[in-house]
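Letters A, B, ... are given to chains in the order of the sequence lines, protein chains preceding strands, and every chain is numbered from 1.
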Amino acid sequence: MVDLVAFFLPLIYFGVIVALTALFSYIASLAIWGLMRRSNPQVTAAAQRLGVVTVWLVGIVIAVQELGVSVEVLLLVIALLGIAGIVALRQPLENFGAKYFADVYSPFKIGDTIRVGDQTGKVIELNAMSTVILSEDAHLIALPNSMFLRLSVVNLTPLAWKELIVPISLPGSVDLPLFESDMMKVLSKMRLRLDRRYPPVFTTKARSTQTADLVLTVMVRRPEDRDAVLAEVNVRLTEAIEKARSGGSRSPPTTEPVSSRS
Amino acid sequence: MDPLSVCINTQTPLLQFSPGAEGSTPLWEIESDLSKLQEGVDYRFSPGGVTRMVYPLARRLIADGTWREVHWISLNPNAPATVKLPGITLHNVVIGRDRMGGYGKAKEAIWTTVHGLSEPKLSGNLFWTEDYGEYTYYNRTTAELILALDRDVDFDAFYIHDFQQLPIGHMLGTLKPKLFRWHIPFDPEKIPDQWRALMSTYLNAYDVVVVSSDRYLASLKRFGHQGRVQRLYPYVDPAEYEHPGPDETRVTAEKKGIDPHDLVVLVVARMDPAKGQDRAIASVARLAGKFPQLKLVLAGNGSFSSARGGLGLSKSETWRSHLEETARSLGVTERVVFTGHVSQHELDCLYERCAFTVLPSTNEGFGLVVVESWLHRKPALVTDRAGVAELIENGANGLLFDPDDPGALDRQMRRLLRDRGGLRARLTENGFRTARRCSIDAALPAEAQLVGQVLEA
């Protein structure tokens with residue numbers, strides 16, 4: 001009897017901790033979603049994922065300890081492998097990370113003419129590692145994405161200052177027509193801050209059964225409105241995604257990422 | 001080149017199904033086999049270019065092996081989800097009634113603005129309205145269906161028709177060839193400044209934009225469109241037109257309220273302010289004293305937008321009431337016949353019965369009814385604002401007039417009404433010859449070549 005209790009008690013503790021971890025991860029996801037509503041939905045989704053993974057990591061470590069397993073060695077091996085990976089892949093990771101942030105925050109898009117350092121050209125490709133520009137003398141120049149975090153970028157395209165480019169990655173479960181029409185209506189209510197000669201437009205970058213990658217372009221009326229408009233657009237995007245995901249009725253966000261980059 | 005799998009997209013569906021009696025279930029909801037439904041009762045072919053031009057194109061290119069299969073997507077809320085025809089599958093898009101109103105208003109605003117029936121200043125804000133949100137909803141729903149089909153079918157090309165569908169190419173986001181046919185007039189001066197950027201974005205999403213006349217081709221370039229533009233005159237299949245005998249013609253005419261001694265002037269157009277039927281009524285009123293047997297026959301009812309089984313907009317009823325009131329106020333009620341919708345056979349009878357036809361539109365993308373008139377060997381009086389006007393040499397194969405000059409249509413009608421035969425014979429013969437330029441046999445090589453060139457490019 002005593003042996004059975006001693007055998008099952010750690011398993012019960014393990015189960016309780018796992019259940020609590022699931023609950024905490026859900027709460028963490030909700031809290032992050034609430035705190036970051038004014039951020040780009042993709043950044044919010046990434047932060048939610050990070051928060052959920054962190055809670056699960058801590059929870060699993062505690063739960064495994066309850067089973068009497070020493071986790072110190074395991075954690076040490078994982079940490080060392082992580083450090084080795086980061087050192088070995090520093091440059092690509094830097095470029096990859098820079099691309100992620102450039103997607104969300106960069107003030108240019110394909111087709112724009114930009115100057116970075118002493119290089120000037122038309123942007124013709126944005127890939128995970130570099131941004132490819134075509135110079136005036138028809139040379140292809142690949143600029144590592146990490147450059148965009150270190151150097152200032154000048155967008156020479158006329159009216160570029162007006163343009164807010166918001167990448168959006170929607171899971172397949174989102175009702176895209178509903179999402180887009182709702183956003184068009186929401187944006188129409190912000191028209192005092194937007195340039196009416198350039199209505200908002202959603203450009204389809206990729207569409208599969210799993211995801212819809214779009215880019216929303218809006219043009220602000222005054223340069224000083226950019227930040228406020230972007231923040232408002234991000235809030236509305238997050239709400240419209242949630243609404244379209246639930247088929248039109250409001251529901252709280254889930255621990256699934258709000259959006260995910262393919 | 002291997003036979004192609006093509007996606008056609010039009011707002012107006014090829015087939016319109018009867019909504020059935022109030023409160024009863026339409027037959028198409030019970031019986032999905034088209035062969036078991038009765039044409040003219042349970043369903044009918046939509047009047048206009050969809051049936052007269054696009055359908056014959058698809059059938060002929062499938063028959064000669066240029067196209068393998070066609071999937072045709074249209075807005076059709078009262079229809080089965082899919083309908084199978086030989087080589088052609090019709091896919092019907094449904095959006096909720098609550099959204100249909102906004103969509104209808106947005107596309108009507110585009111229509112009236114492009115046709116110069118409303119001030120550009122008034123419609124400039126259209127893209128910032130909730131109605132435009134519904135227009136976007138409809139187009140995105142259509143684009144989603146097309147993309148879903150593309151994943152199964154793997155289309156070789158997309159052939160998108162008319163202004164209602166303009167955003168589709170941009171929404172598809174595919175690199176596959178996309179052709180867009182702009183059927184309505186295009187005049188850059190009538191496009192509000194606030195529309196230009198978005199319209200350019202949408203037009204640039206296509207590999208080629210096809211227009212119906214050289215005038216619109218020049219206009220599109222003047223608008224600043226940098227992409228490829230091609231002019232292809234719209235066309236019909238002459239084999240699809242009957243020439244009913246005198247007895248059949250007489251029976252149909254009597255049924256429509258036309259007496260044997262009437263001198264019939266025929267206007268074939270849907271009930272829409274842009275079609276300018278009010279101008280024809282006014283001319284008939286002015287000429288009635290000199291020509292007591294003159295009778296104006298207005299054939300046609302509302303478009304798909306006005307149909308009960310379609311969008312259900314009230315535009316056609318409103319316009320018809322206005323025309324009836326105009327006829328009443330001018331004292332010519334007895335001289336104006338409103339036929340409403342007519343079957344193709346009835347229409348052929350009316351063409352046979354008339355002395356000549358008038359196309360009085362204030363603005364017209366092309367005017368296929370002029371070609372129909374020519375095929376029936378009837379002279380055509382044509383507004384100079386129609387795309388087809390550039391095929392007409394005034395006095396040789398047709399008579400042109402300025403729709404804004406009240407006396408111009410009177411003068412041309414008087415010429416024909418007083419003619420002893422010479423002018424009529426010349427217009428008839430030359431018109432019939434001109435119609436060949438707008439026949440499917442003339443257009444097929446150009447259409448096939450156009451698609452081929454886009455694919456090869």
Anything under 3.5 Å between chain A and chain B that's a donor-acceptor pair? List each one with its distance, please.
{"residue": "A:Glu180", "atom": "OE1", "partner": "B:Arg140", "partner atom": "NE", "Å": "2.4"}
{"residue": "A:Glu180", "atom": "OE1", "partner": "B:Arg140", "partner atom": "NH2", "Å": "3.2"}
{"residue": "A:Glu180", "atom": "OE2", "partner": "B:Arg140", "partner atom": "NH2", "Å": "3.3"}
{"residue": "A:Lys185", "atom": "NZ", "partner": "B:Glu134", "partner atom": "OE2", "Å": "2.7"}
{"residue": "A:Arg196", "atom": "O", "partner": "B:Trp128", "partner atom": "NE1", "Å": "3.1"}
{"residue": "A:Phe202", "atom": "O", "partner": "B:His170", "partner atom": "NE2", "Å": "3.3"}
{"residue": "A:Thr203", "atom": "OG1", "partner": "B:His170", "partner atom": "NE2", "Å": "3.2"}
{"residue": "A:Thr204", "atom": "OG1", "partner": "B:Arg140", "partner atom": "NH1", "Å": "3.0"}
{"residue": "A:Thr204", "atom": "OG1", "partner": "B:Met171", "partner atom": "O", "Å": "2.8"}
{"residue": "A:Arg207", "atom": "NE", "partner": "B:Glu144", "partner atom": "OE1", "Å": "3.3"}
{"residue": "A:Arg207", "atom": "NE", "partner": "B:Glu144", "partner atom": "OE2", "Å": "2.8"}
{"residue": "A:Arg207", "atom": "NH2", "partner": "B:Glu144", "partner atom": "OE1", "Å": "2.5"}

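Other residues, nucleotides and ligands contribute only 12 or fewer heavy atoms inside 6.0 Å of the CD atom of A:Glu136.
Options B:Gly102, B:Gly173, B:Gly133 differ in how many heavy-atom pairs under 4.5 Å they form with chain A, and the most are formed by B:Gly133.
For A:Ile110, the side chain to side chain contact (heavy atoms under 4.5 Å, CB included) partners at least two apart in sequence or on another chain are A:Val123, A:Leu126.
Proximity to chain B involves both the backbone and the side chain of A:Phe202, based on heavy atoms less than 4.5 angstrom apart. In this structure, chain A has no heavy atom under 4.5 Å from any part of B:Ile95.
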